[in-house]
Protein chains: 2
Amino acid sequence: MSRPSRREDLIESALTLFNANGFHAVGIDRILSEGGLAKMTLYRHFPSKDALILGVLEAREKSVNGWFAGILAASYPDGEARLLAVFDGLESWFENRSPLGPFYGCLFVKASAEFPQPGNTIHQAALEAKLAFVEMVAEAAAQEGFKKPRLLAREVSILKEGAIVMAHIQGTSAPASDARKAAKSLLATWPRKN
Amino acid sequence: MSRPSRREDLIESALTLFNANGFHAVGIDRILSEGGLAKMTLYRHFPSKDALILGVLEAREKSVNGWFAGILAASYPDGEARLLAVFDGLESWFENRSPLGPFYGCLFVKASAEFPQPGNTIHQAALEAKLAFVEMVAEAAAQEGFKKPRLLAREVSILKEGAIVMAHIQGTSAPASDARKAAKSLLATWPRKN
DNA sequence: AGCAAACAAGACCGATCTGTATCTTTTGAA
DNA sequence: TTCAAAAGATACAGATCGGTCTTGTTTGCT
């Protein structure tokens, strides 16, 4: 009942609380008490709270980007439908119908907001997670024969991030369909090979 | 040297520090020492730190939305150019050439990230600032004869928010031109009256 | 069964937080 | 010029922060 188990418990408890309350607003004691964990257990697995935050971001990157990867990897009638599926995924996320848990905005945006200095390690971890998503979309766009797939991926990602921010601030899932419409218009005129 | 002067000094010092470091990470003592202000001066003008944060957000809403209002109110060859000017403004903001000061992401996004609960007063203040921007764009779009101006305003706003988030996380201004290209594609096929 | 590592629980430390109180100096208007 | 309000400076209180240490119990492996 030890090896990776306690470490995962720490990350799970921290992830839940960070998501719902932010990083600075959540103290170590609360993470531990709500997880039924001891303080020395935390400091056996992580040298500091910042290291725990990095561990949480790393785990979150795998689950979030893994979820989107699964969406992009499904089969669709055409390339347009494949990329638009991202926004259907967003809507299910916003409406708490996704495996990502209750929606309180994007944890990486939260991290870059609470650690705004570009050189900060946590800020950079958030950046890497976002770049990995853009790369995923770029590969899907390239496979579907879209020209300038990286530019398309960046524009789609901007729509995705904007929808996440607006959905969180407003507390509604409506931005998902707004962003989807914009993406559809974008894809309708985007040049393709063949 | 008193009336609204000290209150403005408090807000200015707090705004600078909140922008660069976030809300929870900045203590009252630092706001006061860097502003050359006394503690009782703060609590004479604001009942609490949260009230100061609300004051800062209110002031920021005026300056940011006022700046965008000026951009939208200028004269342009056509409606497309008017709405696209928002993204030229974004680029100057990201590159620290705007009157909004050094760019550390959007303060309202930061606020909604650090106070993620929808019912929170600070969260709601951030929401109002964002809704005011959408309304501004909707009015401009309507005046330019775009059909469904509110939907267009929401899609443009999503592009704007996404560009802000990506620019802050990446530390580059490139998302401004990416979002501008997407907006241009959007406007090119958007139905208009007349 | 036995043993060393991991764990829960909680006392403890110094630093820092928000907010209050005290005292002296400065300000602005009659 | 006088005087009350405002402001600067600083000490202080109580709570909470991240992090260390100790004690006794449980776990997993041989």
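Computed from a predicted model, the values in this text were never measured in an experiment.
- Summarising the geometry, the separation between CG on A:L32 and P on D:dT20 is reported as 13 Å, rounded to the nearest angstrom.
- If you measure from atom CG of A:D29 to atom P of C:dA11, you get 12 Å, rounded to the nearest angstrom.
- Rounding to whole angstrom units, CE of residue B:M40 and P of C:dG19 are separated by 12 Å.
- Residue A:R44 places at least one side-chain N or O closer than 4.0 Å to OP1 or OP2 of C:dC7.
- Atom C1' of nucleotide C:dA8 and atom CD of A:E34 are separated by 17 Å, given to the nearest angstrom.
- Heavy atoms of B:L37 sit under 4.0 angstrom from primed sugar atoms or phosphate atoms, though from no base atom.
- Separating the CD1 atom of B:I31 from the C1' atom of C:dG19 is a distance of 14 Å, rounded to the nearest angstrom.
- In this structure, B:K39 atom NZ and D:dC12 atom P are separated by 13 Å, rounded to whole Å.
- Aromatic ring orientation, A:F94 versus A:F103: tilted (interplanar angle from 30° to 60°).
- The pair B:E114-B:K110 does not meet the salt-bridge criterion, since no charged nitrogen lies less than 4.0 angstrom from a carboxylate oxygen.
- Judged by the 6.0 Å and 45° rule, B:K160 forms a cation-pi pair with B:F68.
- The side chain of B:T41 lies closest to D:dG8, out of D:dG8, C:dT18, C:dA9.
- For the pair A:R30 and D:dT16, the criterion of a side-chain N or O lying under 4.0 Å from OP1 or OP2 is not met.
- No cation-pi contact links B:R82 to B:Y76, judged by a cut-off of 6.0 Å to the six-membered ring centre and 45° from its axis.
- Within residues 15-28 of chain A, no residue is approached by DNA chain C to less than 4.0 Å at the level of any non-hydrogen atom.
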**Request:** Just do the salt bridge (charged side-chain N to carboxylate O under 4.0 Å, His left out) check on A:R180 and A:E91 with the steps written out, would you?
**Result:** CA-CA 10 Å; A:R180 198 195 128 103; A:E91 189 168 67; over 6 Å; no
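- The aromatic rings of A:H24 and B:H24 lie parallel to each other, with less than 30° between the two planes, well short of the 60° mark.
- Using a 30° and 60° split on the angle between ring planes, A:F18 and A:F23 fall in the tilted class, from 30° to 60°.
- In this structure, B:L52 places its CG atom 10 Å from P of C:dT18, rounding to the nearest Å.
- Between the NZ atom of A:K49 and the P atom of D:dT16 there is a distance of 15 Å, given to the nearest Å.
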